[in-house]
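Written out below as structure tokens is the structure these notes cover.
Order of the sequence lines sets the chain letters (A, B, ...), proteins ahead of strands, with each chain counted from 1. Keep in mind the model is a prediction, meaning the values are calculated, not measured.
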Amino acid sequence: MTVRTRFAPSPTGYMHIGGMRTALFSWLWARHNNGQFILRIDDTDQQRNMDEALGPILDAFRWLGLDWDEGPEVGGPHGPYFQSQRRQLYDAALSKLLDSGKAYRDFEAPADTQTQREAAEKEKRVYVSSRVSLQLSEDQVAKNVTDGQPFVVRLLIPRADKVVLNDHIRGKVEFDCSLMPDPVIARNDGSPLYNFATVVDDAEMEITHVIRAEEHLSNTPIQILLHRALGNKTPEWAHVPYVASPGSKEKMSKRRIDKYRTSPQFQKLFELGDLVLSRIGIDPKSNDLSPVMVAYYREVGFLPAGVLNALVRLGWSLDDQTEILSLAEMKRKFSLDRVIKSAAGLDPDKMLSFQSHWMSELPAKEKLYGCLHMLKRAGLIDDEDDKETQAKVASIIELAADRLRVFGDIFQLDEFFVADDELKIDDKNFQKRVVKPENAVLLLHDLRRRLSDIDNFTAQPLHELLQSFAAEKQVKVGDIFPALRLCVTGKAQGVDLFRSLELLGKACVLRRLDRAIGLAESHRVP
RNA sequence: GGCCCCAUCGUCUAGUUAGGUCUAGGACAUCGGAUUUUCAUUCCGGUAACAGGGGUUCAAAUCCCCUUGGGGUCACCA
């Protein structure tokens, strides 16, 4: 039997990071078993712009490299893959249930149903459907229908039964049917509801394993009952725990983003994100893009491998050691029985650590392209394809080394891209190391002269020059290096100073030095 | 509230199915130390957990029960 799994998102306009993890598990299980992964769009209740709503979801899959064998854009033998276009299937299944008496038309007014529900709640009694419409004779039902009496179709729950499911992750779970109201499976106009459409589609698409989030566990007995009523072979189930927000056990949610913003666990991620997004023209305070969404990580400059690695280790482990896994390895080694049962909180720190690892593994060329793209978006370079620009950026990346965890980190080296008079100088440190010390400006004046005299403006000679300069002036290198750094990069610390000087070039270094000295002097004489 | 699910370091987890090899292992974070002109890296080391209570057993993180805590779900949403 070929394993067939599916992911069935509703087109919401964004891809949830937790949903992505569920999808990953589902994809992994299919691929691990050389099976098929199907994407189906649950749009029974949507009337919005499909491109806008579905685009980001497909983009997220493509970005992470999770392909689908059947679904939107690729089609397949069980299409269409949009529930809104599969009405005939649902109609047929509905007639079948109605004809066999396994479902019934319920003419009870919604208000009445609601009242009973509330009454039951008030009396602390379990609510089950009144089934008054079941008393109606066949003729009466027919008459009601022709009269246009509104109704819904409900599945007739076999109240004497128990539903036992053997979940791949949760083990044996039992539900008592006597406690279940008859669920509505179709509206008056015959349009199907989620539970019903899902069952019809899962059967028609020959899904063998339904791998989905834990919150669907309570839907499962209904779906099993529906499969039985329809005479389908019931698929196997695996209910994956949801992804919780950092430091809590609550399901991560787009709506709580403002709360996450102030959570200490999320701090680093938001700081990083804010910095990068504001550079590339995305309002970081807008909630259109947030760490709840897959797109956030792409925009900030995460690698698919980093995100994937973080996601797969959320609720799944291979053994007591393995942390780093490529997609290919995951595919080989994934198994459902090693998925944990409890909800796991997303850990931004660990995510960033995975990301750092995969960034360090990335070939230089790809690092270059990623950074070029970022710089271009921020307007810090004009032409991504310009050879000279590429060579410069490549050198900067090499300088940055492991400081570059995400592509957006390239902005922390913006001193190499901004115009001299736009260089921002860390004022607090500038005061401390340049303005306040008695001899600093004097030393810098001297140093400037020496620097302008040097012909071979490369790291090694520069280093030697600085060293002998310090010795000659009888100052500690620790006094002069930081001051110089502040003047030419604006920062108190950073990448190798001498290679930075080399890269910036003599002219630029001298200009910046002049500007900084001027600034320091004007500071001093207020 | 009903139903269902879950419970090991701050976090992600190994160990639970087949009780002993667990004085509970790893990773991230954190704190020291070494390296580094600075920062980052790297290396070395430290702190840190079986929710509580009862059983069963020679032996319990592991099995059973209760309590507590956390979560999900209770729609003519998906």
Residue-level proximity of [range] to RNA chain B when a heavy atom falls under 4.0 Å:
{"range": "residues 477-485 of chain A", "answer": "A:F481, A:R485"}
{"range": "residues 405-418 of chain A", "answer": "none"}
{"range": "residues 152-176 of chain A", "answer": "A:V152, A:R170, A:V173, A:E174, A:F175"}
{"range": "residues 213-224 of chain A", "answer": "A:E214, A:E215, A:H216, A:L217, A:S218, A:N219"}
{"range": "residues 104-123 of chain A", "answer": "A:P110, A:R117"}

Contact list (N/O, under 3.5 angstrom) for nucleotides 22-26 of chain B vs protein:
unit_1, atom_1, unit_2, atom_2, d
B:G25, N2, A:D320, O, 3.4
B:G26, N2, A:E323, OE2, 3.0

What's the [atom1]-[atom2] distance between [X] and [N], to the nearest Å?
{"X": "A:H463", "N": "B:U38", "atom1": "NE2", "atom2": "C1'", "result": "11 Å"}
{"X": "A:K341", "N": "B:U17", "atom1": "NZ", "atom2": "P", "result": "12 Å"}
{"X": "A:R212", "N": "B:G72", "atom1": "CZ", "atom2": "P", "result": "17 Å"}

Exercise. For A:F107, which residues count as a ring pair (Phe, Tyr, Trp, His ring centres under 6.0 Å) partner, sequence neighbours excluded?
Worked result: A:F151

Problem set entry | ring pair (Phe, Tyr, Trp, His ring centres under 6.0 Å) partners for A:F61, two or more places apart | A:F7

May I ask you to say what [X] touches in the nucleic acid, namely base, sugar-phosphate or nothing, with a heavy-atom cut-off under 4.0 Å?
{"X": "A:K251", "answer": "sugar-phosphate"}
{"X": "A:Q265", "answer": "nothing"}
{"X": "A:L314", "answer": "sugar-phosphate"}
{"X": "A:A401", "answer": "nothing"}

Seminar exercise, completed: Note: for A:M351 and A:R403 on RNA chain B, the residue whose nearest nucleotide lies more 5' is A:M351

Only counting residues at least two apart or in another chain, list the ones meeting salt bridge (charged side-chain N to carboxylate O under 4.0 Å, His left out) with [X].
{"X": "A:R255", "result": "none"}
{"X": "A:E123", "result": "A:R125"}
{"X": "A:K428", "result": "none"}
{"X": "A:E214", "result": "A:R170"}

Problem set entry | Whole-angstrom distance between B:G46 and B:G25, as gauged at atom P | 11 Å

